[in-house]
Amino acid sequence: MLRQVYIFHNQKLAFSHSFAIALGSEELKNVIEVIESYLIMPMPGKTFHRPMANLQIFHRGVGTTYFLLVTDLVDTIEYIDRILKNIIAKFKEVFPEADAIKVESAFRDEFIDYLAEMQKDLRSKIAIIGPYNSGKTTFYNLIKNGEERSIMNFAKVAPVEIGNLSFEIWDFQLDDNFSLLWSKFVGGSDLVILLFAADKYNVAQIDHFLTLQKKDAKFSRLIVVANKTDLISEEQFKAIQNAVKENEVKKLSLIGKNNVSAIEKIISEGLNLKKGLPEEFNSLLNNAEIFEKEKKYDNAINTYQQLLDLVQEYQEFSYLKELYDKIEELKEEKAQYEELKNKRERKSKFSAPRQIKFEKKVSVKTLPTGGTIFKSAQKKPQINKQNLNQVKPNAVKSSKPRLRLRPEDVKISLKAIKSKEKAIQPKKYIPHERNLTDEIVENEDFDFARELQKLILKNNANLNISLCEKFVEEMLKTLQKPLKYEDLEVAAKYFCELEMTI
Ligand SMILES: Nc1nc2c(ncn2[C@@H]2O[C@H](COP(=O)(O)OP(=O)(O)OP(=O)(O)O)[C@@H](O)[C@H]2O)c(=O)[nH]1
Ligand SMILES: [Mg+2]
């Protein structure tokens, strides 16, 4: 029987249709490897074929399009070559642009309908064999569908439909288990059903028919069925199973209800037809769509992947492309979403909230040698005029060393000096002004810190020598130029003003 049709365009798979279980995706990869050289350089006007396990492949190329059919071993090159040529002719008629087959369309549906006609045209054969009086004709009559024809006097043939696929079923007409016409009867079968009566079985008779199948229908599939099981017990059935060791025995009764569906099930299994997708497929599809809407990308991708696995397992290839595309689309969307998220995060890292900036600026450390803490500008409580008036001059004059300044505080103070320094800069260029800096530079023993301390003392304040040194150090760092005497004056003045406000 015709099981699968694959069409490649420019060496890429453009279309696949599956009538029955055949190549899975891994097996297809192997087949593509085998026919790769033909795909790259098709040999025009010739159909090639070769067996692969229990299947056969037939392939033929036309221009940049390549056709691959998968059938059972029983199908002959004469039959399949004719079918393949018909399929190619139809393809050319429906798709002047070969790529158009990739897209869902009425043309694509028309082409698939044509493939179904070809599947029917192949007249896949199901032959019922077995001892007389086993129920063969009853079996045949229950499922035959359509016009019956006779093959001379020994067989009757009728069409039958199983799972939307078309077959021909054959029933032997002679009351002779050893007729020579049996070999003619089974020849070319896709499926042989060996039926025997469970209540009156004979192992030698069963073996005789098993041999017939092996000899004259070696490429067919086989099912062994114990009929009339309504007439035996479960134990008796187990005994039958033990007696017919080589093959699994199916249990059947053609009396009563559901006998047609029981027959269809047996044939379906025997031919390895597609089972149809399981019920969970719909609920999974539903979940996948919900995840997609909610933009839960990982869940959606996983669920679509499960659906893709099911489609491959059940070989329902019509969903294959759609699901594959959906997964790729979601992966792309997820990547874009994550990039956007990362960008946003990076941005927020560079712009800290104002509050944090403020907190950093106002952090206060304790003095290394203890003592009172200088209140920074931000933290300093508002001083009203009254408080300012209460500051006693003798408190400023106190001889006790005052450790009110820290190096950090010096930095803050220097900001003011720097701005003042800017203001006095033009003076530097007044020609008649003494250049004190030059004098200081010439005198290497000049002690800035001591000089600063003296100037502070002059202004009725006090600062110990180590803090004066720090002050000078910071002035040099901040002003980034040699110090002038007037810098020290400005610094001392500013320090004393600051002291007055504390
Ligand atoms: N109890 C019972 N009887 C059955 C069953 N199937 C068929 N029969 C009966 O078995 C008898 C033989 O049935 P057929 O269908 O003519 O058997 P056959 O294998 O075609 O016989 P030949 O063509 O004469 O070799 C008929 O009387 C059927 O009604 C079954 O499942 N259970
Ligand atoms: Mg009969």
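Computed over heavy atoms, backbone and side chain alike; hydrogens, waters and symmetry mates excluded. None of these values were measured; they are calculated from a predicted model. The first residue of the sequence shown is numbered 1, and numbering continues consecutively from there. Note that ligands are numbered from 1 as they come in the structure, with each ligand's atoms numbered from 1 the same way.
The list of salt bridge (charged side-chain N to carboxylate O under 4.0 Å, His left out) pairs with a residue in residues 205-220, not counting sequence neighbours, reads Lys214-Glu246.
In this structure, OH on Tyr297 lies 9.5 Å from CD on Glu338, to the nearest 0.5 angstrom.
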Pair up each side-chain donor or acceptor in residues 84-93 with any protein partner under 3.5 Å, not counting sequence neighbours, and list the distances.
unit_1: Lys85; atom_1: NZ; unit_2: Asp81; atom_2: OD2; d: 3.2
unit_1: Lys90; atom_1: NZ; unit_2: Glu110; atom_2: OE2; d: 3.1

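In Glu322, the CD atom is not crowded: 12 or fewer heavy atoms of neighbouring residues, nucleotides or ligands sit closer than 6.0 Å. In this structure, Lys275 places its NZ atom where only 12 or fewer heavy-atom neighbours from other residues, nucleotides or ligands lie under 6.0 Å away.
For the 3.5 Å distance criterion, the side chains of Tyr304 and Glu329 fail to qualify, holding no donor opposite an acceptor.
A side-chain donor-acceptor contact under 3.5 Å links Lys274 to the backbone of Gln315.
Screening Phe111, Phe107, Tyr6 against Phe15 for a ring pair (Phe, Tyr, Trp, His ring centres under 6.0 Å) leaves a single residue, Phe111.
Within 4.0 Å of ligand 1, the residues that place a heavy atom are Tyr132, Asn133, Ser134, Gly135, Lys136, Thr137, Thr138, Asp175, Asn227, Lys228, Asp230, Leu231, Ser253, Leu254, Ile255, listed by chain and number.
The set of protein atoms (N, O or S) found at less than 2.8 Å from the Mg ion (ligand 2) reads Thr137 OG1, by chain and number.
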Worksheet item: Can Phe281 and Tyr314 be said to form a ring pair (Phe, Tyr, Trp, His ring centres under 6.0 Å), step by step?
Response: CA-CA 11 Å; Phe281 186 84; Tyr314 287 81; 8.9 Å; no
